[in-house]
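This report refers to the structure that appears directly beneath it.
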Protein chains: 2
Amino acid sequence: MLTIGTLARRTGTKVQTIRYYEQIRLMPEPGRTSGGQRRYGEAELDRLAFIRHSRQLGFSLEAIRELLDLSDHPEKSCEEADRIARRQLRQVEQRMERLEALRTELARMVQECSGGSTSDCRVLDVLRDHSECLTAHDEIGA
Amino acid sequence: MLTIGTLARRTGTKVQTIRYYEQIRLMPEPGRTSGGQRRYGEAELDRLAFIRHSRQLGFSLEAIRELLDLSDHPEKSCEEADRIARRQLRQVEQRMERLEALRTELARMVQECSGGSTSDCRVLDVLRDHSECLTAHDEIGA
DNA sequence: GGCATATCCTACAGTGGCTATAGATATGGA
DNA sequence: TCCATATCTATAGCCACTGTAGGATATGCC
């Protein structure tokens with residue numbers, strides 16, 4: 001029987017985060033001691049590891065909920081899991097493209113800065129006037 | 001005199017977002033009509049454009065606050081603006097590295113999926129067992 | 001058994017950067 | 001004057017946690 005702290009240490013999760021996952025029903029309600037403390041088994045450890053690893057790969061909690069459901073039903077087709085992973089891959093690729101555009105723009109801003117006073121700072125100039133940008137970056141939240 | 005809606009249209013911002021910026025004192029309190037509606041001038045339009053452009057480049061609102069302050073004081077040295085931009089560039093580069101690792105891992109997962117049942121789905125296998133990963137991805141929140 | 005202390009409990013507030021909603025009021029044109 | 005559209009305030013919600021306060025419990029040692 002594992003305490004919540006042990007589970008946290010073994011998976012690199014904060015104790016509050018585990019309780020949060022329980023609250024949103026991503027983790028099951030575990031058994032309790034007579035004093036009311038949570039006690040977990042190996043299955044819960046595996047489930048939490050799955051969640052954390054998926055989070056590290058950038059999956060949303062909703063996507064993870066679907067993936068866990070698929071994982072719990074071995075008879076289901078793998079297609080759905082594949083679809084979710086492909087969607088995540090696309091999102092990562094799109095974010096990378098956006099970041100690449102930002103990187104270019106920021107590098108140019110920084111390079112052109114002469115180091116004088118802010119009255120003729122290239123960094124501020126570019127921020128003031130979008131038309132100075134060579135690359136497009138129309139959406140917020142890279 | 002510009003209404004909040006005009007300001008929103010001209011900068012690609014939602015009306016609520018402008019009011020939010022006012023609330024957190026990123027935008028100044030504008031003049032009002034006798035009926036209590038906000039009215040803006042060109043200076044506010046420029047300021048909002050600066051904010052939005054900076055957001056598009058991924059600067060945090062706190063960083064933007066600093067940049068605006070520098071922009072308002074032309075006699076100050078440009079060094080600080082340069083420092084903020086360089087920090088932002090570093091962050092973008094770090095995020096790109098993380099995303100590259102994720103992209104690799106996700107692409108591998110997806111490629112290896114044979115399309116059978118979830119009982120032997122590579123996508124789910126990898127999520128279940130971190131040791132199957134070739135690349136490191138230790139932090140959450142790319 | 002008693003005690004220290006480490007861990008656990010609940011409940012709630014806060015983070016960033018918005019976005020959405022409800023219900024009331026103002027504005028501008030036909 | 002009427003009406004559609006825009007605006008107002010206030011508040012709650014989003015995601016995925018994180019932090020805090022103020023207690024209760026569990027464990028190891030003497």
Side-chain angles (χ1 to χ4, degrees), chain A residues 1-27 29-40 44 48 50-68 88 91 95 98 137-142, chain B residues 1-27 29-40 44 48 50-68 88 91 95 98 137-142:
Chain A
M1 286 306 182
L2 311 165
T3 66
I4 196 169
T6 307
L7 217 64
R9 239 171 293 118
R10 297 259 290 264
T11 59
T13 314
K14 302 243 159 145
V15 166
Q16 298 105 302
T17 303
I18 300 175
R19 289 197 281 247
Y20 168 71
Y21 288 160
E22 181 183 329
Q23 193 186 311
I24 63 170
R25 296 177 190 281
L26 202 58
M27 286 291 285
E29 288 188 29
R32 301 265 185 158
T33 62
S34 55
Q37 297 196 355
R38 291 168 180 81
R39 289 296 181 270
Y40 296 92
E44 282 99 333
L48 183 56
F50 185 109
I51 294 170
R52 293 314 282 179
H53 191 197
S54 302
R55 284 294 296 136
Q56 283 168 358
L57 286 166
F59 290 94
S60 71
L61 293 183
E62 267 327 291
I64 294 170
R65 209 184 282 280
E66 291 181 69
L67 290 167
L68 279 167
Q88 177 63 18
Q91 278 175 20
R95 256 188 286 172
R98 274 229 356 98
H137 43 255
D138 292 333
E139 286 159 51
I140 282 180
Chain B
M1 284 305 180
L2 310 165
T3 65
I4 196 169
T6 307
L7 216 65
R9 240 171 291 117
R10 298 259 290 265
T11 58
T13 314
K14 302 242 158 141
V15 167
Q16 297 104 303
T17 304
I18 299 175
R19 289 198 280 247
Y20 168 70
Y21 288 161
E22 181 183 329
Q23 192 186 311
I24 63 170
R25 296 176 191 280
L26 202 58
M27 286 293 285
E29 288 187 29
R32 301 268 184 157
T33 63
S34 56
Q37 297 195 356
R38 291 166 179 83
R39 289 296 181 271
Y40 296 92
E44 283 99 333
L48 184 54
F50 184 107
I51 294 171
R52 294 312 283 176
H53 192 197
S54 302
R55 284 294 295 136
Q56 283 168 359
L57 286 166
F59 289 94
S60 71
L61 293 183
E62 266 327 292
I64 294 170
R65 207 183 284 278
E66 291 182 69
L67 290 167
L68 279 167
Q88 178 63 18
Q91 278 175 19
R95 257 188 282 172
R98 277 239 340 109
H137 42 256
D138 292 333
E139 286 160 52
I140 282 179

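Each chain gets a letter, A, B and so on, in the order its sequence line appears, and its residues count up from 1.
Note: Ile18(A) CD1 to Leu26(A) CG = 12.0 Å, rounded to the nearest 0.5 Å. To the nearest 0.5 Å, the span separating CD on Gln56(A) from CZ on Arg52(A) amounts to 7.0 Å. In this structure, CE in Met1(A) is found 12.5 Å from OG1 in Thr6(A), a value given to the nearest 0.5 Å. Taking CZ of Arg25(A) as the reference point, atom CE of Met27(A) lies at 14.0 Å (rounded to 0.5 Å).
The distance between atom CG of Leu26(A) and atom C1' of dC17(D), rounded to the nearest whole Å, is 13 Å. Whole-Å rounding puts the Glu22(B) CD to dC18(C) C1' distance at 16 Å. Between the CD1 atom of Ile18(A) and the P atom of dT10(C) there is a distance of 13 Å, given to the nearest Å. In this entry the distance linking CG of Leu2(B) with C1' of dG28(C) reads 16 Å, nearest Å. The distance from atom CG of Leu48(B) to atom P of dC18(C) is 11 Å, rounded to the nearest whole Å.
For the OP1/OP2 pair of dT7(D) and a distance below 4.0 Å, the side-chain nitrogens and oxygens of Arg38(B) include no atom meeting the criterion. In this model, the phosphate group of dC18(C) is approached by a side-chain N or O of Tyr21(B) to a distance below 4.0 Å at OP1 or OP2. For Arg52(A) and dA16(D), the shortest distance from a side-chain N or O to OP1 or OP2 is not below 4.0 Å. Close to dT19(C), at under 4.0 Å from its OP1 or OP2, lies a side-chain N or O of Thr17(B). Residue Arg65(A) places no side-chain N or O under 4.0 Å from the OP1 or OP2 atom of dA16(D).
The side chain to side chain contact (heavy atoms under 4.5 Å, CB included) test with Ile4(B) is passed by exactly one of Glu44(B), Arg38(B), Glu22(B), Arg39(B): Arg38(B).
Legend: residues meeting side-chain hydrogen bond (donor to acceptor under 3.5 Å, both in side chains) with Thr17(B), ordered by chain and number and at least two apart, are absent. Glu62(A) is linked by a salt bridge (Lys or Arg N to Asp or Glu O under 4.0 Å) to Arg65(A), counting only residues two or more places apart in sequence or in another chain. Taking Ser60(A) as the reference, nothing meets the side-chain hydrogen bond (donor to acceptor under 3.5 Å, both in side chains) condition, with sequence neighbours excluded. Not a single side-chain hydrogen bond (donor to acceptor under 3.5 Å, both in side chains) links Arg9(B) to another residue, sequence neighbours left out.
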For nucleotides 19-29 of chain D, 5' to 3', base contacts (B), sugar-phosphate-only contacts (S) and non-contacts (-) with protein non-hydrogen atoms under 4.0 Å give BB----BS---

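Counting any heavy atom pair closer than 4.0 Å across all strands shown, Ile4(A) reaches sugar-phosphate atoms only and no base atom. At the heavy-atom level, Arg32(B) lies under 4.0 Å from the strands shown only through sugar-phosphate atoms.
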Between protein and nucleotides 11-15 of chain D, what N or O pairs are separated by less than 3.5 Å?
none

